[in-house]
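Side-chain atoms are counted along with the backbone in the values below, which use heavy atoms only and exclude waters and symmetry mates.
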Amino acid sequence: MQSSNKKTWIWLGVLLLMFIAAGYFLSSGHPQEYPGYVSESPSPTGTKAFYTYLNENAEVRRWEHEPGMLPGNNRDELLVMIEPFFVPDQQQMDEYSRYMEAGNTILLFKNNPEAMFDLAAIPGWAADDAITVKNQHGDEYEAAVQSQMRIEEENTDEVLLEDGAGVIALKRSVGDGSLIAVNSPAWLANDNVMDEDHLELIFFLMQQTEYSSIFFDEYIHGAGSGPNAATLYPQWMLVLALQLSVLTILWLWYQGKRFGPVRTPREEVVRFSNEQTTALAAWYQR
């Protein structure tokens, strides 16, 4: 009996090692894929390089919650939104607007800003190669404008950047704050931020308002509204916990453990109790 139990534990140990090895190769054998324009992404389309540079020289934080939880109340904050993955619903858009009305600024980089903050766009042309871009003072810059859309300005808007096809960036007052809309999020990408005059243009746009802190909006990139197991614990720990759970189930199964109420078979109750007693009584009577 002891030899059988020893073999059982040996096989369970071997199975555990196999699970750990499989989990290691599954979690580290494939490179992690990052979506574009995320501030944590080191991929060519990510914005980690620019975020890291700002974080070394200013107070910068990532915002991963709904816009209704934004802390700004006349605090001169700057919220950077880079190519949102979805257009927020009307309630969330109203919350962003109230955030600006309180005295804060939203810097929106979006290829086609139409449908956000009542912005309108008109057709233009895309320029993968560097073209000349002018600001409101007539200063010229070299930049690649990959968007095919140009922003349609209103009478009260301040045009910040434009090219031969139309407006590239504008500033619009919203209550005590402002909205700065730009049609070129690719300027902030890791593989483009140092090309041409992109970095200079980005800082030019950020200097159009005063702010004490900067937030990078990651809620628009699908970030959750609160912590979860995937963010609180490392991946190796989650894999190990899953493997231990599976091994526990297999071990209980091997040991013959059962769950639920114990039901006595009818044959045991009827055949070996009532019938046996009746038969013995009849035999003694005879």
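- With hydrogens and angles ignored, the 3.5 Å screen pairs a side-chain donor or acceptor of Asn190 with a backbone N or O of Ser41.
- Residue Leu188 holds its CG atom at 7.0 Å from OG1 of Thr47, rounded to the nearest 0.5 Å.
- Residues Gln136 and Gln208 are in side-chain contact: their nearest non-hydrogen atoms beyond the backbone lie under 4.5 Å apart.
- The backbone N or O of Ala186 lies less than 3.5 Å from no partner atom in the side chain of His198, so there is not a single donor-acceptor pair.
- Side-chain contact between Trp125 and Arg150 is present, with heavy atoms from C-beta onward closer than 4.5 Å.
- Listed for the Trp187 side chain is no donor-acceptor partner under 3.5 Å among the backbone atoms of Asp195.
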(message) Please evaluate residues Leu70 and Glu95 with respect to the criterion side-chain contact (heavy atoms from CB on, under 4.5 Å), reporting the C-alpha separation (whole Å), side-chain torsions for both, the decisive distance (0.1 Å), and the verdict.
(response) CA-CA 9 Å; Leu70 284 165; Glu95 291 168 347; over 6 Å; no
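- Both Phe117 and Phe85 belong to a single network of hydrophobic side chains, linked directly or stepwise wherever heavy atoms of I, L, V, M, F, W or Y lie under 4.5 Å apart.
- Between Asn111 and Glu83 the shortest heavy-atom distance is N-OE1, 2.9 Å.
- Residues Met69 and Met93 share a single hydrophobic cluster, defined by chaining ILVMFWY side chains whose heavy atoms lie under 4.5 Å apart.
- Residues Val145 and Leu107 are members of one and the same hydrophobic cluster, defined by side-chain heavy-atom contacts under 4.5 angstrom among Ile, Leu, Val, Met, Phe, Trp and Tyr.
- The line from CG of Asp94 to CD of Glu101 is 9.0 Å long, rounded to the nearest 0.5 Å.
- The shortest side-chain heavy-atom distance between Met194 and Leu199 falls under the 4.5 Å cut-off.
- Listed for the Asp197 side chain is no donor-acceptor partner under 3.5 Å among the backbone atoms of Leu201.
- Shown here for Ile214 and Phe216, the closest heavy-atom pair between the two residues is CG2-CE1, 4.0 Å.
- With hydrogens and angles ignored, the 3.5 Å screen pairs a side-chain donor or acceptor of Glu218 with a backbone N or O of Ser39.
- A pairwise comparison of heavy atoms in Ala126 and Gln148 identifies CB-CG, 3.7 Å as the closest pair.
- Rounding to the nearest 0.5 angstrom, the gap separating the NZ atom in Lys110 from the CG atom in Asn112 is 5.5 Å.
- Considering only residues two or more places apart in sequence or on other chains, Ser212 meets the side chain to side chain donor-acceptor pair (under 3.5 Å) condition with none of them.
- A heavy-atom distance below 4.5 Å is not found between the side chains of Phe109 and Tyr37.
- Using a 4.5 Å heavy-atom cutoff, the side chains of Thr156 and Ser173 are not in contact.
- For the atom pair Ser178 OG and Leu170 CG, the distance stands at 11.0 Å (nearest 0.5 Å).
- In this structure, Glu142 CD and Ile131 CD1 are separated by 8.5 Å, a value rounded to the nearest 0.5 Å.
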(request) Under the side-chain contact (heavy atoms from CB on, under 4.5 Å) rule, what do Glu210 and Asp76 come out as? Steps first, then yes or no, please. (result) CA-CA 7 Å; Glu210 295 181 358; Asp76 298 326; 5.7 Å; no
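- The cluster map of Ile, Leu, Val, Met, Phe, Trp and Tyr, joined by side-chain heavy atoms under 4.5 Å apart, puts Tyr141 and Leu205 in the same cluster.
- Across Leu179, Leu108, Val174, Ile106, a single residue satisfies side-chain contact (heavy atoms from CB on, under 4.5 Å) together with Tyr96, and that is Ile106.
- The heavy-atom pair separating Met116 from Met81 by the smallest distance is CE-CE, 3.9 Å.
- You'll find the side chain of Gln146 reaches within 4.5 Å of the side chain of Asn192, heavy atoms only.
- Gly222 and Phe86 get closest at one heavy-atom pair: N-CE2, 4.3 Å.
- The shortest side-chain heavy-atom distance between Ile202 and Val182 does not fall under the 4.5 Å cut-off.
- The distance from atom CD1 of Ile151 to atom CG of Leu119, rounded to the nearest 0.5 Å, is 6.5 Å.
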(request) Quick one: do Asn183 and Met149 satisfy side-chain contact (heavy atoms from CB on, under 4.5 Å)? Show the steps, please. (result) CA-CA 7 Å; Asn183 74 342; Met149 307 302 293; 5.6 Å; no
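- Heavy atoms from other residues, nucleotides or ligands lying under 6.0 Å from CG of Asp118 number 12 at most.
- Looking only at side-chain heavy atoms (C-beta outward), Tyr211 and Thr105 stay at 4.5 Å or farther from each other.
- No hydrogens or angles considered: nothing links the side chains of Ser147 and Ser184 as a donor-acceptor pair under 3.5 Å.
- Between Phe203 and Phe50, the ring-plane angle classifies as tilted under the 30° and 60° cut-offs.
- Trp63 and Phe215 have perpendicular rings, their planes meeting at more than 60° on a 0 to 90° scale where under 30° would count as parallel.
- A single hydrophobic cluster is not seen to contain both Val60 and Ile220; linkage of ILVMFWY side chains at heavy-atom distances under 4.5 Å, directly or through other members, places them apart.
- Pairing each heavy atom of Tyr219 with each of Pro67, the nearest pair is CE2-CD, 4.0 Å.
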